[in-house]
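Worksheet for the structure shown next.
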Amino acid sequence: MSDAVSAPPMPVVRLCLGVTGHREDNPAFAANRSAIVAALEQVLDEIDAAVAAEHHGPIAPTRLHCLLADGTDQIAANSSLARGWELIAPLPFGLALNAAINSHPATEGEARALLFGTPGDCDDCSPELRQRASTIRSLASRSRLFELADSDDAMRELFLDKLRCPNDTRKAATFAAESSLRVALAGRVMIEQSDILVAVWDGLTRALIGGTGHTIQIALETGASVIWIDTHAPDQWRILSGPESLAGLQAGSHIEVDRSVELRTLVRHALYPAEPPLVHKRHGHRRHAAPGAESLAREAWPTRSNPVWHLYRRVEALFGADSFRARFRNLRVIYETPDAIILRSAAGPLALARALPGQLHDYMTEIESGILRRFAWADGISARLSDVYRGGMTLNFLLAPLAIVGGIAYLTFASSEEKWLFALFELTLLATVLAITLIGQKQRWHRRWFETRRVAEYLRHAPILQLFGVARAPGRWPMGTETSWPEWYARHALREVGLPQLVITQPYLRRAVTEILWDHVMTQRDYHIAKARRLAAVHHNLDRLAEVLFALAVMSVLGYLILKGGGALHIWPKTIAEHLSYMFTFLGVLLPTFGAAIAGIRYFGDFERFSAISRVTAEKLQAIHTRIDRLLSAPEGALDYGRAADLAHATDDVVVSEIESWQSVFGGKQVTVPV
C-alpha cells in the first residue's frame with residue numbers, strides 16, 4: 001500500500017431549491033401579492049433555519065434555481081441573493097431573447113429594440129417595458145446562466161411574427177405552444193437540479209405545458225417534494241409528496257402536521273444520507289463498520305493489485321480468454337490515481353470537452369476535481385476490494401475440497417502412522433478457509449466493494465451528463481439494500497459542480513453529441529459485448545469441466561467395480577482390486593469434490609447471468625447508438641436540446657439499470673464458508 005495518494009475531499013453538502021410560480025398578471029397572484037410574498041419569505045426563512053440547524057459539518061450556501069420570469073421567480077431570486085445564496089437560472093432561450101419575451105413588448109418595434117438594439121434604441125419604449133427588461137438583465141448579471149439558445153433563431157421569428165400580426169390567432173398560438181415546450185425543457189433542468197421545489201400556484205390546471213401546475217406534476221412524478229403556496233390562501237402552505245397528492249388538492253389537508261418539523265425533515269434528508277438503524281450491529285460488525293461516506297476517504301490506496309487475490313480474475317482468464325497466451329497473461333494492475341486520470345485515460349475526452357463552443361475552462365477544472373478525481377479514487381478502491389472479496393471466495397471454494405482430498409491422501413501415498421501429517425495439512429487449509437471467511441465478514445469486504453463500486457459507476461458517466469446540463473432527479477436515484485451513502489456521495493459530488501455557465505447552441509449540441517456522447521455510447525456498447533461473450537465462455541467452460549470431473553468420478557467407481565467383479569469371477573486376480581482400492585477411494589473423493597468446487601465457483605460467479613446482463617445492456621446501448629446516428633443524419637436544426645438531453649438521460653438510465661441488475665445478482669453473495 002502507498003501513503004502517497006490521498007483521498008479527494010468529501011463533496012460539499014448543499015441544499016438545492018427550485019422555484020416556480022405565477023407571473024404578475026395572474027389574477028389570484030395579483031389579488032394576494034403581499035400575502036404571497038410574506039408566505040414565500042416565511043418558507044425561505046424556515047428553509048434557512050433548517051439548514052442552519054444541521055451540525056454534521058460545513059454546509060455550502062443554498063443554491064436556488066429559477067427561470068427569472070416576472071412574479072414568483074423574480075421575488076424568490078431577489079430574496080435568495082439577499083440571503084447570500086447562489087442563484088442559477090436555466091433559461092428556455094438565450095438571454096437576449098429571454099429578456100425580450102419576458103419583458104412583454106407590445107409591438108414588433110419594441111421587441112426589435114430589445115433584441116438587436118442598444119439601451120438607447122429603446123427610448124421610445126414605455127417606462128414599464130424598460131423596467132421589466134432592466135430587472136431581468138440585472139438578475140441575470142448576478143446569476144449563473146444555463147441558456148437553451150439552440151432554437152433561438154426559429155423562436156425569434158415566431159415571436160416577431162406574433163407581434164407583427166397581433167390579430168393572427170394562429171401565429172399567437174404557434175408561438176405560445178413552441179415557447180411553452182422550451183419553458184418545459186428549462187423547467188425539467190431546474191427540477192433535476194433541485195432537492196425541493198417551492199411553488200406558488202392557484203391549483204386550477206396542470207394541462208398548460210411549461211406552466212406552474214405542469215412543472216409541479218413533473219416534479220412530483222420524479223420524486224421531488226413540493227412546498228405549495230396556494231395563491232388563494234398563501235399562509236396555509238403545505239408540503240406535497242408524490243403525484244397522488246394532487247388528486248385531493250382542493251380538499252385541503254386532512255391530517256394536522258407541524259409544517260416546520262416536516263420541512264426540517266425534508267432538508268435533513270436532502271443534506272445527509274439516511275442509513276437504516278443498527279444495520280451494522282445486526283451483522284455483528286458495528287465496531288469495524290464505517291459510519292458512511294467517510295469510509296471511502298479512510299480506505300488505503302492500493303498502488304497495484306495483489307497476486308494473492310487474483311484467483312477470480314484468473315478463472316475468468318483461464319476459461320474465458322480466446323488464446324493460450326491470454327489465459328496466462330499477467331493480471332497485475334497498477335491503479336490509476338486521481339492525479340493520473342486527468343493526464344491519461346480522461347485526457348482525450350477532456351480535450352474534446354474543452355474544445356466545445358462556448359465551454360468554460362473553469363467548469364472543466366471543476367469536473368476534473370469534483371468528479372473525475374473522485375471517480376478514480378472510488379474505482380481503484382473498489383477494484384482492490386473486488387479482488388479481495390471475489391478472489392477470497394474463489395480461494396475458499398478451492399481450499400475446502402483440497403483440504404478434504406488432502407486429508408484422505410494418506411490412503412494412497414502414506415501409511416496410517418503418517419496420517420497426522422495429512423490431518424495437519426487438512427486442518428491448516430480448513431483454518432485458512434475460516435480465517436478468510438471471518439476476516440472478510442469482519443472487514444465487510446462484500447459491502448465495501450458494493451458501496452465503492454456504486455460510487456464509481458455513478459461518477460464514471462457523470463461528466464457526459466454534466467456537459468448537457470442533465471442530472472438524475474433526487475427521487476430517481478436507486479437505493480442500496482443497507483446503505484444509501486454511495487448515492488448521496490455521487491449526487492452531492494455532481495451538485496457541487498452544478499450547471500455550467502453556458503449558452504447551448506446548435507454547434508455546441510452537434511459537437512457534444514457527435515464527439516462525446518456518440519463515442520461514449522459506442523465504447524460502452526463494445527465493452528459489454530466483449531464482456532458478455534467472455535463471461536458466457538467462462539460459464540460454458542466451467543460447466544464442461546465440472547461435467548468431465550463428474551464423468552471421471554463415475555468412470556473411477558465403475559472401474560473399481562469392474563475390477564472387483566472380475567476378481568470375484570476369477571477373470572483376473574482379486575489382489576488387483578485390493579491393491580488399487582485406496583487409489584480408487586482417493587479418486588472417488590477427489591473427482592466429485594473438485595467437480596462440486598468448480599460448480600460452486602460457477603454458481604458464485606454467476607457468469608451466465610452477468611453475461612445476460614451485459615448482453616441486454618449492450619442491446620440497449622446499441623438502440624441509443626442507432627438513435628444518435630439517425631438524429632445526426634437529420635437535416636440541420638433537427639438536433640435540439642430536448643432530443644440531446646433525452647439521449648443523455650437514456651444513457652444514464654441504462655447505466656443505473658445495469659447497476660441495479662448487478663446488485664440483484666451479487667447482493668446476497670456474502671463471504672461465507674463454502675459448504
Side-chain angles (χ1 to χ4, degrees), residues 312-313 315-323 326-327 329 333 345-346 348-349 352 375 378-379 382-383 386 390 449-450 453-465 467-468 470 472 476-478 490 512-543 602-633 643-667 669:
Y312 179 88
R313 290 197 286 122
V315 168
E316 276 199 20
L318 281 173
F319 294 93
D322 296 328
S323 65
R327 290 187 177 95
R329 69 184 185 275
V333 176
S345 64
L352 290 173
F375 159 71
D379 190 52
S382 180
S386 172
R390 297 198 287 187
W449 169 50
F450 253 46
R453 180 47 52 194
R454 278 150 58 193
V455 172
E457 292 308 311
Y458 293 137
L459 296 183
R460 183 191 301 276
H461 309 270
I464 306 295
L465 304 182
L467 294 175
F468 290 94
V470 165
R472 179 163 284 270
R476 292 292 176 86
W477 285 81
V513 172
T514 304
E515 298 176 5
I516 296 178
L517 184 61
W518 187 91
D519 184 70
H520 176 73
V521 171
M522 182 182 67
T523 301
Q524 289 299 307
R525 179 204 62 188
D526 293 346
Y527 164 78
H528 281 286
I529 289 173
K531 182 180 177 182
R533 186 183 301 115
R534 183 179 71 253
L535 294 183
V538 173
H539 175 87
H540 175 69
N541 290 330
L542 284 175
D543 208 24
R602 187 195 63 194
Y603 165 77
F604 167 75
D606 240 324
F607 302 102
E608 187 176 36
R609 278 206 285 175
F610 275 117
S611 174
I613 290 171
S614 280
R615 186 169 60 251
V616 170
T617 301
E619 291 170 357
K620 291 179 179 178
L621 290 169
Q622 176 58 47
I624 295 172
H625 199 262
T626 302
R627 289 171 59 189
I628 294 175
D629 282 340
R630 288 173 180 167
L631 188 57
L632 293 177
S633 64
R643 291 187 173 93
D646 284 344
L647 290 170
H649 271 296
T651 305
D652 182 48
D653 288 340
V654 171
V655 170
V656 172
S657 176
E658 196 260 343
I659 292 174
E660 290 178 318
S661 298
W662 166 75
Q663 287 190 96
S664 69
V665 174
F666 252 117
K669 297 179 185 291

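This is a predicted model, so every value here is computed, not measured.
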Return the minimal non-hydrogen interatomic distance between [X] and [Y], and the atom names on each side.
X      : Y      : answer
Ala532 : Ser611 : O-OG, 2.7 Å
Phe468 : Ala644 : CE2-CB, 4.0 Å
Arg327 : Ala317 : CG-O, 3.4 Å
Ala648 : Leu465 : O-CD2, 3.4 Å

Rounded at 0.5 Å granularity, tell me how far [atom1] in [X] sits from [atom2] in [Y].
X      : Y      : atom1 : atom2 : answer
Ser382 : Phe375 : OG    : CZ    : 9.5 Å
Leu535 : Phe319 : CG    : CZ    : 14.0 Å
Glu619 : Ile529 : CD    : CD1   : 9.0 Å
Glu658 : Thr617 : CD    : OG1   : 4.5 Å
His528 : Thr523 : NE2   : OG1   : 11.0 Å

Just so I know, are the side chains of [X] and [Y] near enough to count as touching, which here means a heavy-atom distance under 4.5 Å?
X      : Y      : answer
Arg390 : Trp449 : yes
Lys620 : Val616 : yes
Leu459 : Asp379 : no
Ile628 : Val521 : yes
Arg460 : Val655 : no

- Message: Assess the residue pair Arg472 and Asp653 against the criterion (side-chain contact (heavy atoms from CB on, under 4.5 Å)); give the C-alpha distance rounded to whole Å, side-chain angles, the decisive distance to 0.1 Å, and a yes or no.
- Response: CA-CA 9 Å; Arg472 179 163 284 270; Asp653 288 340; 2.6 Å; yes
[X]: salt bridge (Lys or Arg N to Asp or Glu O under 4.0 Å) partners, not counting sequence neighbours:
X      : value
Glu515 : Arg511
Asp629 : none
Arg609 : Asp606

- Message: Going by the rule side-chain contact (heavy atoms from CB on, under 4.5 Å), which residues pair with His520 if we only count those two or more places apart in sequence or in a different chain?
- Response: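 Testing His520 for side-chain contact (heavy atoms from CB on, under 4.5 Å), a comparison that skips the adjacent residues, returns His461, Ile464, Gln524, Thr651.
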- Message: Around atom CD of Glu608, are there more than 12 heavy atoms from other residues, nucleotides or ligands closer than 6.0 Å?
- Response: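 12 or below, so no.
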- Query: Would Leu517 and Leu467 satisfy side-chain contact (heavy atoms from CB on, under 4.5 Å), going step by step from the backbone distance to the final call?
  - Reply: CA-CA 10 Å; Leu517 184 61; Leu467 294 175; over 6 Å; no
- Item | Pairs involving residues 516-534, ordered by first then second residue, that meet salt bridge (charged side-chain N to carboxylate O under 4.0 Å, His left out) (sequence neighbours left out) |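 For residues 516-534: Glu316-Arg534.
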- Take Trp662 and Arg453 through the side-chain contact (heavy atoms from CB on, under 4.5 Å) test and state the conclusion after the steps. CA-CA 11 Å; Trp662 166 75; Arg453 180 47 52 194; 3.2 Å; yes
Donor-acceptor contact below 3.5 Å, side chain [X] vs main chain [Y]:
X      : Y      : value
Asn541 : Ala537 : yes
Ser661 : Ser657 : yes
Thr626 : Gln622 : yes
Arg627 : Ile624 : no

- Of all residues at least two apart in sequence or in a different chain, which pass the ring-ring contact (aromatic ring centres under 6.0 Å, His included) check with Tyr458?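 Testing Tyr458 for ring-ring contact (aromatic ring centres under 6.0 Å, His included), a comparison that skips the adjacent residues, returns Trp477.
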